[in-house]
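Just so we're clear, the structure is a prediction, and the values are computed from it rather than from any experiment. Numbers here are sequence positions counted from 1. Indexing begins at 1, ligand by ligand and atom by atom, following the structure's order.
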Amino acid sequence: MVSRAEFTRRRRALMEIMGSNSIAILPSAKEVVRSRDTNFPFRQDSDFHYLSGFPEPDAVLVLVPGREHGEYVLFCREKDPVRETWDGRREGQAGAKKNYGCNDAFPIDDIDDILPGLMEGRDRIYYEFGNHPDFDNQIMGWINSLRAQVKNGAHPPGELIDLSHILHDMRLIKSPKEIEIMSRSAEISAFAHIEAMKACKPGKSEMQIEATLKYHFADHGAQYEAYHSIVAGGENACILHYVENNMPLNDGELLLIDAGCEFEGYAADISRTFPINGKFSDEQKHAYEWVLKANKEAIDQAVPGNPWTAPHDTAVRILTQGLVDMGILKGNLDQLIEEEAYKPYYMHKTGHWLGLDVHDVGDYIEDGEPRLLAEGMVLTVEPGLYFSPKTKGLDKKWWGIGIRIEDDVLIAKKGNQVLTSAVPKEIDQIEAIMANR
Ligand code: GLY
Ligand code: MN
Ligand code: MN
């Protein structure tokens with residue numbers, strides 16, 4: 001668990017950057033209806049969680065650097081014995097102070113009366129505009145209520161600054177504790193992938209394999225998936241974010257699993273592809289070997305000082321070489337890359353930042369150039385090849401082969417550490433696991 005001290009350090013670091021005479025305002029996530037009066041499982045907003053650890057909806061975090069009565073203010077739901085009997089426990093204001101370290105806590109229903117007073121006299125508001133349309137209006141309402149008081153000496157803030165940019169730069173570099181949690185998230189996910197490999201056989205359904213993954217996530221203390229698991233048999237693997245997971249698994253086809261748990265808020269994101277019957281066919285093996293080579297050589301490029309695009313450029317080169325070797329593309333390698341001839345078979349990027357969100361925050365471009373990798377960043381490396389029967393002119397022997405091999409890579413002081421290395425990806429390792437279960 002991230003300690004109270006670390007949450008405090010994060011808020012202090014943010015306030016340091018904001019400077020005095022400013023205020024930051026950040027709302028929690030909201031409950032979302034799934035069906036009539038039942039909600040989706042509540043998931044706290046990642047930015048809100050990063051700064052507070054506070055797990056409830058209907059809350060607003062306010063940071064007021066240098067405020068005499070305390071810099072950290074939280075608005076949250078009041079204790080309510082009846083609602084708590086029906087819907088679950090609430091911290092209330094006392095709990096927010098005692099367990100989450102805010103200096104002041106107020107009922108969320110009093111925010112209109114109190115927040116303008118906290119804004120008054122501050123020059124700048126740090127806020128994530130555009131993410132929460134209702135809240136945008138509330139912010140303007142509070143500013144306007146101060147503007148109406150100017151004749152009485154009120155000083156409304158004159159500048160609105162985007163909070164996400166600063167906060168997301170902080171989130172991009174993981175602390176030692178975050179790395180420890182992400183390693184565990186990767187370890188649990190790796191274990192579940194191996195169990196899924198063992199459970200897979202012709203006649204089972206994608207849904208049953210999804211259940212195996214979910215069982216092992218939860219059995220190891222990860223209550224939720226970091227994203228809806230992709231369990232894609234045969235040509236379903238050519239749909240990049242296939243989540244229906246309701247088809248039978250057929251003998252002779254591949255299964256692509258892209259799944260990771262969320263552990264203590266942090267995502268893992270792993271893809272593996274293996275034969276449903278435990279043995280790769282010649283075509284499957286041929287394509288797989290090129291994706292594997294792309295995965296390994298791209299990972300070698302994920303080192304400090306390299307642009308974040310280096311793994312992608314390497315993967316594209318190797319996959320294009322592979323497509324030529326398989327007889328799918330013909331021509332000069334550089335020209336094929338230049339013309340993006342690989343795109344019908346490899347249409348996505350080779351990775352993304354990973355953290356509290358599976359597609360985590362942080363700019364990819366800095367001063368107009370691809371960002372350079374640095375110690376403490378975590379990114380995925382996920383090359384693939386997708387041979388859909390719908391691809392024009394593609395020899396039938398490749399149809400339905402969809403392969404992605406995805407690992408989570410921590411950029412170290414020197415080189416990198418593959419957090420997901422526990423899931424086998426060599427052909428002989430996969431075949432051995434599936435033969436000996
Ligand atoms: N699981 C989604 C992705 O790999 O980006
Ligand atoms: Mn993935
Ligand atoms: Mn990914």
Query raised in the report: Can you check whether Arg404 has an N/O within less than 3.5 Å of an N/O in ligand 1?
Result: no
Query raised in the report: So does Lys204 have more than 12 non-hydrogen atoms from other groups sitting under 6.0 Å from NZ?
Result: yes
Query raised in the report: Hey, is CZ on Arg83 packed in by over 12 heavy atoms from elsewhere, all under 6.0 Å?
Result: yes
Report summary line: Among the N/O/S atoms of Glu382, the Mn ion (ligand 3) lies closest to OE2
Query raised in the report: Which of the atoms in ligand 1, numbered in the order shown and given with their element, are less than 4.0 Å from a heavy-atom of Tyr227?
Result: 1 (N)
Query raised in the report: In ligand 1, which numbered atoms sit nearer than 4.0 Å to a non-hydrogen atom of Glu406?
Result: 4 (O)
Query - No-hydrogen, no-angle side-chain donor-acceptor test under 3.5 Å, His168 and Asp360 - result: no
Report task. Say whether Thr380 and Asp408, considering side chains only, have a donor N or O and an acceptor N or O under 3.5 Å apart. Result -> no
Report summary line: In this structure, atom 5 (O) of ligand 1 is nearest to the protein heavy atom His359 NE2, 2.7 Å
Report task. Would you mind checking which non-hydrogen protein atom is closest to atom 4 (O) of ligand 1, with the distance to 0.1 Å? Result -> Glu382 OE1, 3.0 Å
Report task. Identify whether NZ of Lys or CZ of Arg in Arg4 sits under 6.0 Å from the centre of the six-membered ring of Tyr100 and within 45° of that ring's axis. Result -> no
Report summary line: So the angle subtended at the Mn ion (ligand 3) by His352 atom NE2 and Asp269 atom OD2, rounded to 10 degrees, is 90°
**Report entry** Ring center gap for Tyr345 and Phe387 short of 6.0 angstrom
**Finding:** yes
Query raised in the report: Are the ring centres of Tyr364 and Trp353 closer than 6.0 Å?
Result: yes
Query - Close approach, Asp258 and ligand 1, non-hydrogen under 4.0 angstrom - result: yes
Query raised in the report: Can you find a non-hydrogen atom of His348 under 4.0 Å from ligand 1?
Result: no
Report task. Could you pull out the atom name of the N/O/S atom in Glu406 that is nearest the Mn ion (ligand 2)? Result -> OE1
